[in-house]
Amino acid sequence: MLSLQLIRDKKEFVAERLSIKNFDAANLLNEITALDKTRRATQSELDELLSKANQLTKSIGQLYKAGARDKAEAAKSRSAELKEQTKVLSAKLSETVELLNKKLVELPNIPHESVPAGHSDADNETVYEEGEMPTLPEDALPHWELATKYQIIDFDLGSKVTGAGFPFYRGQGARLQRALINFFLDEAIDAGYLEYQPPLLINEDSGFGTGQLPDKEGQMYFANEDNLYLIPTAEVPITNIYRNVILKETDFPIKNVAYSNCFRREAGSYGKDVRGLNRLHQFDKVEIVQIEHPDNSYATLETMKEYVANLLRKLELPFRILRLCGGDLSFTSALTFDFETYSGAQKRWLEVSSVSNFESYQANRMKLRFKDKNGKMQLAHTLNGSALALPRIVASLLENNQTPEGIKIPKALQRYTGFDLIK
RNA sequence: GGAGAGUUGGCAGAGUGGUCGAAUGCGGUGGUCUUGAAAACCAUUGACCCUUCACGGGGUCCAGGGGUUCGAAUCCCUUACUCUCCGCCA
């Protein structure tokens, strides 16, 4: 969430920035500032009362010790009166605070100044493009047909056992999955990331910390009996490692990587855009997460971007990088670059990575702070990026590399797959 | 799943109803001493909120939430977590 201080100091600026996200914040901001005012006044009033009550309480103890029983009894009844008043006030205070927090959480992160205005993915800005477009014959097969042809992914079996969007990978297909995971992890470790294996279920506090809760619970699978959510991305457990943590400035940069299954309900998605591997309820992803000093977070975002670009180069996939427009930017992000690979048979770009800087938005929710050189507390910045999400990478690899002999495996992967051709 | 014991400041560990935000030790920071370092000695040592230009003042926090009481780290209820024993189990 945004810091209250920012809203107090620069309400107009916040409103203007949020309009880039097509978010009309005027009313919400007014409510927040009003609640903030009430809260502070109530706090002062309550503190004063409590101060009186504390003094009284102390004197009662002393009066008893001194044997002045009558005086003590008199003080007791005064104290009881005070208590009634503090009860009323503290109820008012906690109501106000609760409402204030509720409203505060409804405000999305403000976009970085470089974010273009826009309403949908059509308004995203292509900032970079690289790689040779595949030249495929007219009868080239989409990946879901290749999957069947080579018996490497079974969607029907997944439907039988679980439901749509939960495929089985089989034989060389399963091996390819494992190869990609290991390749991505090894690359990350070489680049200085620390590998984690996170839990796949998270509690409510964690969901709140990274911004999935309270609004997006419909996107996550929920284990009702135990009040736990299946993670939609490793970002959630890995970033929440730092919930309620105070770092030292020398702890930066923090670079973590994790492979995990990801679970997404994808409520409301259907149609041909979601065929095959294009959109799944369960998929595999390697995610990089960095915690940074605010001064360095944008330089770090660039580094992460370059890191992801390099993975795609090694996989010999044509890709482009988009700067998301305000309308397509997630609730919590300040700046996001999407990576898309070109899938030759579907003849479309597929999103395979999303690299974001959340600035202090998640950190503020999580109370992730550090002590700066002057000993002052500051919120850290959090960043993350897919490096990479498997299904669409697999889709592009299968489609682009199909030949009459079989599907060619890029060189960098061969030592992981142990074969150079799917046949 | 059953039975029991715990959860105190960065860590260890006192504290069982009243000047306790909390002894003590370790660690951290600053200083004295030293050519330098170590040791020793001295001082200092949390987070959050309100208020103040500032100095300062006030409030909250002893796992989370609720309760008893004039007063709770201390008593009661509840949730989470940790540990021990039994059961089950990859």
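Just so you know, these numbers use all the heavy atoms, side chains as well, and skip hydrogens, waters and symmetry mates. Here is how names work: the chains are called A, B, and so on, in the same order as the sequence lines, proteins then strands, and each is numbered from 1.
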### Task
Look through every strand shown and name the nucleotide pairing with B/U29 as Watson-Crick or G-U wobble, where both distances are under 3.5 Å.
B/A43
### Task
Let me know the distance between CZ of A/Arg243 and C1' of B/A80, rounded to the nearest Å.
12 Å
### Query
Who does B/U7 pair with, Watson-Crick or G-U, both distances under 3.5 Å?
B/A80
### Side-chain ion pair, A/Lys102 and A/Glu106, N-O less than 4.0 Å
yes
### Task
Report the distance from atom NZ of A/Lys52 to atom C1' of B/U60, rounded to the nearest whole Å.
19 Å
### Query
More than 12 foreign heavy atoms under 6.0 Å from CD of A/Glu48: is that the case here?
no
### Task
Find the partner of B/G87: check Watson-Crick (N1-N3 plus N6-O4 or O6-N4) and G-U wobble (N1-O2, O6-N3) distances, both under 3.5 Å, and reply none if neither fits.
none
### Query
Taking the six-membered ring of A/Phe331 as reference, does the NZ or CZ atom of A/Lys216 fall below 6.0 Å from its centre and within a 45° cone about the axis?
yes
### Whole angstrom value for the distance that separates P of B/C48 from CG of A/Leu4
15 Å
#### Entry: Whole-angstrom distance between B/U44 and B/C48, as gauged at atom P
22 Å
## Note on the structure
Rounded to whole Å, NZ of A/Lys87 lies from C1' of B/U68 at a distance of 10 Å
### Task
Pick the P atom in B/C20 and in B/U24, then give their distance to the nearest Å.
12 Å
### Query
Rounding to the closest angstrom, what is the interatomic distance between B/C77 and B/A72 at atom C1'?
15 Å
#### Entry: Pair A/Glu292 + A/Lys255: basic N to acidic O under 4.0 Å
no
### Message
Tell me whether A/Arg365 forms a cation-pi arrangement with A/Phe208, defined as NZ or CZ under 6.0 Å from the six-membered ring centre and within 45 degrees of its axis.
### Response
yes
### Task
Respond yes when some side-chain nitrogen or oxygen of A/Asn54 is under 4.0 Å from OP1 or OP2 of B/U60, and no when none is.
yes
### Inter-nucleotide P distance (B/U7, B/U16), Å rounded
13 Å
### Task
Determine the interatomic distance between P on B/G65 and the same-named atom on B/A23; round to the nearest Å.
23 Å
### Message
Applying a 4.0 Å non-hydrogen cut-off, can you work out what A/Thr57 is touching in the nucleic acid: base, sugar-phosphate, or nothing?
### Response
base
### Query
Charged N to carboxylate O under 4.0 angstrom, A/Glu302 versus A/Lys305?
yes
### Task
Quick one: label A/Asn203 by what it contacts on the DNA or RNA (base, sugar-phosphate, nothing), any heavy atom closer than 4.0 Å.
nothing
### Query
What integer number of Å spans the C1' atoms of B/G71 and B/G56?
28 Å
### Task
Can you check whether any acceptor in the base of B/G58 is under 3.5 Å from a donor in the side chain of A/Asp47, or vice versa?
yes
## Note on the structure
Closest of B/G71, B/C50, B/G18 to the A/Gln43 side chain is B/C50
### Message
Rounded to whole Å, how long is the line connecting atom CD1 of A/Ile60 with atom P of B/U19?
### Response
14 Å
### Task
Have a look at A/Lys371 and say if it touches a base, only the backbone sugar-phosphate, or nothing, with a 4.0 Å heavy-atom cut-off.
sugar-phosphate
### Query
RNA chain B: A/Ala80 or A/Asp36, which has the more 5' nearest nucleotide?
A/Asp36
### Query
How would you label the contact of A/Arg39 with the nucleic acid (heavy atoms, under 4.0 Å): base, sugar-phosphate, or nothing?
sugar-phosphate
### Message
Give me the distance, rounded to whole Å, that separates B/U34 from B/C41 when you measure between the C1' atoms they each carry.
### Response
14 Å
### Task
Report yes if at least one side-chain N or O of A/Arg40 is closer than 4.0 Å to OP1 or OP2 of B/U51; otherwise report no.
yes
#### Entry: B/A14: pairing nucleotide in any strand, Watson-Crick or G-U under 3.5 angstrom
none
### Query
Which value, in whole Å, describes the distance between the P atoms of nucleotides B/G15 and B/G6?
13 Å
### Task
Looking only at side-chain atoms of A/Leu50, point me to the closest of B/C50, B/G59, B/G71.
B/G59
#### Entry: Phosphate-side-chain proximity, A/Arg369 and B/A47, N/O vs OP1/OP2 below 4.0 Å
no
### Query
Does B/U69 have OP1 or OP2 sitting under 4.0 Å from an N or O in the side chain of A/Lys76?
no
### Worked check of ring-ring contact (aromatic ring centres under 6.0 Å, His included) between A/Phe263 and A/His281
CA-CA 5 Å; A/Phe263 303 90; A/His281 288 306; over 10 Å; no
### Interatomic distance, A/Glu204 CD vs B/G65 C1' [rounded to whole Å]
14 Å
### Task
Mind calculating the distance between NZ (A/Lys37) and P (B/C50) to the nearest angstrom?
15 Å
### Query
Start at the 5' end of RNA chain B and walk down; is the nucleotide closest to A/Gln55 or to A/Glu45 reached first?
A/Glu45
